[in-house]
Protein chains: 2
Amino acid sequence: MTRRAKFRQITIDEIKSLARLQMAEGGTASLSLNAIAKHMGMSGPALYRYFESRDALITALIVEAYEALANALEETAARFADQPVRDCLRQVLLTYRRWALDHPIDFQLIFGNPIPGYQAEEKITAPTAGKVFAPILKILQRAYQQENRPYPSFLENLPPQLQVHLSHSMREFQPSLPEKVVYIGIVGWYHIHGMIMLELFNHIQPLISDPATFYSNEIERLMDQMNL
Amino acid sequence: MTRRAKFRQITIDEIKSLARLQMAEGGTASLSLNAIAKHMGMSGPALYRYFESRDALITALIVEAYEALANALEETAARFADQPVRDCLRQVLLTYRRWALDHPIDFQLIFGNPIPGYQAEEKITAPTAGKVFAPILKILQRAYQQENRPYPSFLENLPPQLQVHLSHSMREFQPSLPEKVVYIGIVGWYHIHGMIMLELFNHIQPLISDPATFYSNEIERLMDQMNL
DNA sequence: TCACATAAGTTATAATATATAACTTATGTT
DNA sequence: AACATAAGTTATATATTATAACTTATGTGA
C-alpha cells in the first residue's frame, strides 16, 4: 500500500468514526458532512473526495454495522463451541442483546427505519445481512443434525404453503440446511428481535423493571420450546 | 365553533394529511414544511401559524397514529367480544398486523427510530401509548379472571426480581390487573411485535415466502402457549 | 355601521444542509 | 525535472427550518 493510500484510508476511517459519533448524539439522521469536515479541519466539499455522497457514507456505515454484529456473534459462538448447545446458544443470544444496547446506532442502521432520503443499496447491504443469521443457524444445525435432538412439536402441523427459503448469499454459508432448522431459527430470531427493538426504543421500560432478567428468562423459555 | 375556528381546523387537517402523504413517499424524515405550504398554495412561514415547529407537527402525527392503532384494535375487540377468547384475540392480533402494513408510516412513527432531530415529547405521547396495549390486556383479563383459565406453565418459576409494573396511565384503564396477566401480555406482544417490525422493514421476505401464513401460524402457537 | 383587535397571510432574512464547479496546491511517478 | 493526479480550496446553487417585520382579511363590540 502506497503512502498516499494509507493516509487516504486513515482519513476515511476518521470520517466514519466522526459520523458514528455524530449519530450517537443526535440519531441516525443527524448526520452532517459539513460538521464532520469542520471537525477535521477542512472544508465541506473536501469530503466528497472520499465519499460520493451522504448516502454513500451511510451505506458504508451500514455494511460495517452488519459485519461488526456478525463478528460479535461469531466470536461468541466460537468461544463457546465446545460447550453444550444450550449454553453456547445462550451466550450468542446474550451477545446479540449486549451488542444492540452497546451499539444502538449501528443496530438502528441495520434494523430501524430507513434514514430520510436514503435509498438502501441492497446489492451492497444484502449479502452481509445473511452473515448475522449464520452463527445461530450453525448452532441449531449442530443440535438437530449432529446431535440428533428431536424437533420441537410445533413443527408437526405446519401449513404446507409455508415455504422457508434461504437467500442465495446465505445458502453459500450453509449448503445443506433442512427447512425445519431454518424455521426454528427464524421463529427464535423474531422473538429475540422483538424484545430488543422494544427495549432499544424505550417501549419496554414502562412495563418491565429489569429488562436484562426478562430477556434471560425469555431465552430460557425459547430454548425450552426448541428442545435444547 | 366559530366559522374562523372551523376553517382553521380544516387547514390543520390538510397540513397533517399532506405531511402523512409526504412521509409515505420518502420516509418519516422526508418532511418539508416548505413543500407542504407550497402544495397548499401559501408561503412557508404561514404554516407556523398552525404548528409551532416541525417537531410540533410530528408530535401531533404521532399522537394521532397511537390513537388510530388503538381504535382499530378496540373496534376489532368490540366486534368479536361475544366470541370465544381465542377467536377474539386472534382477530385483534390480525388487525394489529393489518394496520401496521396498511399504515407503515404511522407504525414507524410509533415504534421506529426517532426522527432526526426530533425530541419526543413524552408528556404528550406516553398517555396515549398505553391505549394500544389496553385492548389486549382486556381480553387476557377475561380469559384468566372471568373464565378462570389456568395460567400457562412458564409462569411458574419466574425469577422473583422480575417485577412487572403498569405505567400510571395504563393503571387507570385496568385498575386491578394481576401481574401474571400483564406478563403474559407483554411476552405475547413482544413476539408479535418482532415479526411485524421485521416484515415492515423487509427482513422477513428473504426467508419466508408467505409472511401472512407465517404470522397466522405463530399466533396460534402463541395462543397455545397461553392456554387459550 | 364603524373602529379596532387579532387572525392569517405576506416578503425579507438568517443560519445550515447537500452538492457541484472551477481553481490551486501538494504528492508521487516517470 | 516534468507532469499527471490526488486532495484540498473558495464560490455558488438550491434546499431546509425558523424568525422578524409588515400587510391584509376577518369578526366583534361600542
Self-check item: With sequence neighbours excluded, residues passing side-chain contact (heavy atoms from CB on, under 4.5 Å) with A:A46
Solution: A:M42, A:S43

Practice problem: Evaluate the salt bridge (Lys or Arg N to Asp or Glu O under 4.0 Å) criterion for residues B:R90 and B:E220: first the C-alpha distance (whole Å), next the side-chain angles of each, then the deciding distance (0.1 Å), finally the verdict. | Solution: CA-CA 8 Å; B:R90 178 187 299 115; B:E220 300 305 323; 2.6 Å; yes

Quiz item: Does B:R49 or A:G41 map to a spot on DNA chain D nearer the 5' end, using the closest nucleotide for each?
Solution: A:G41

Practice problem: Please identify each residue that fulfils side chain to side chain donor-acceptor pair (under 3.5 Å) with B:D210, with sequence neighbours left out. | Solution: B:T213

Practice problem: Within residues 6-17 of chain A, find the residues that approach DNA chain D with a heavy atom at under 4.0 Å, and present them sorted by residue number. | Solution: A:R8

Quiz item: If you walk 5' to 3' along DNA chain C, what is the first nucleotide with an atom under 4.0 Å of a heavy atom in chain A, and what is the last?
Solution: C:dA17 to C:dG28

Quiz prompt | A:N71 versus A:E67, side-chain donor and acceptor atoms under 3.5 Å | solution = no

Using the 3.5 Å cut-off, write out each protein N or O paired with an N or O of nucleotides 14-18 of chain D and the distance between them.
| from | atom 1 | to | atom 2 | distance (Å) |
| --- | --- | --- | --- | --- |
| D:dT16 | OP1 | B:S32 | OG | 3.0 |
| D:dT17 | OP1 | B:L31 | O | 3.2 |
| D:dT17 | OP1 | B:L33 | N | 2.6 |
| D:dT17 | OP2 | B:L33 | N | 3.3 |
| D:dT17 | OP2 | B:N34 | N | 3.1 |
| D:dA18 | OP2 | B:Y48 | OH | 3.1 |
| D:dA18 | OP2 | B:R54 | N | 2.7 |
| D:dA18 | O5' | B:Y48 | OH | 3.4 |

Practice problem: Answer yes or no: is there a side-chain heavy-atom contact under 4.5 Å between A:Y50 and A:R8? | Solution: yes

Self-check item: Whichever of B:R4 and B:S43 has its nearest DNA chain C nucleotide further upstream toward 5'
Solution: B:R4

Quiz item: Between B:H193 and B:F111, how do the two ring planes meet: parallel, tilted or perpendicular, split at 30° and 60°?
Solution: perpendicular

Self-check item: Sidechain-backbone polar pair: A:Y215 side chain, A:L93 backbone, donor-acceptor under 3.5 Å
Solution: yes

Quiz prompt | Any residue meeting salt bridge (charged side-chain N to carboxylate O under 4.0 Å, His left out) with B:R97, in chain and number order, not counting sequence neighbours | solution = B:E199

Exercise. May I ask you to say whether B:E64 pairs ionically with B:R20, meaning some side-chain N is under 4.0 Å from a carboxylate O?
Key: yes

Self-check item: B:Y190 ring center within less than 6.0 Å of A:F214 ring center
Solution: yes

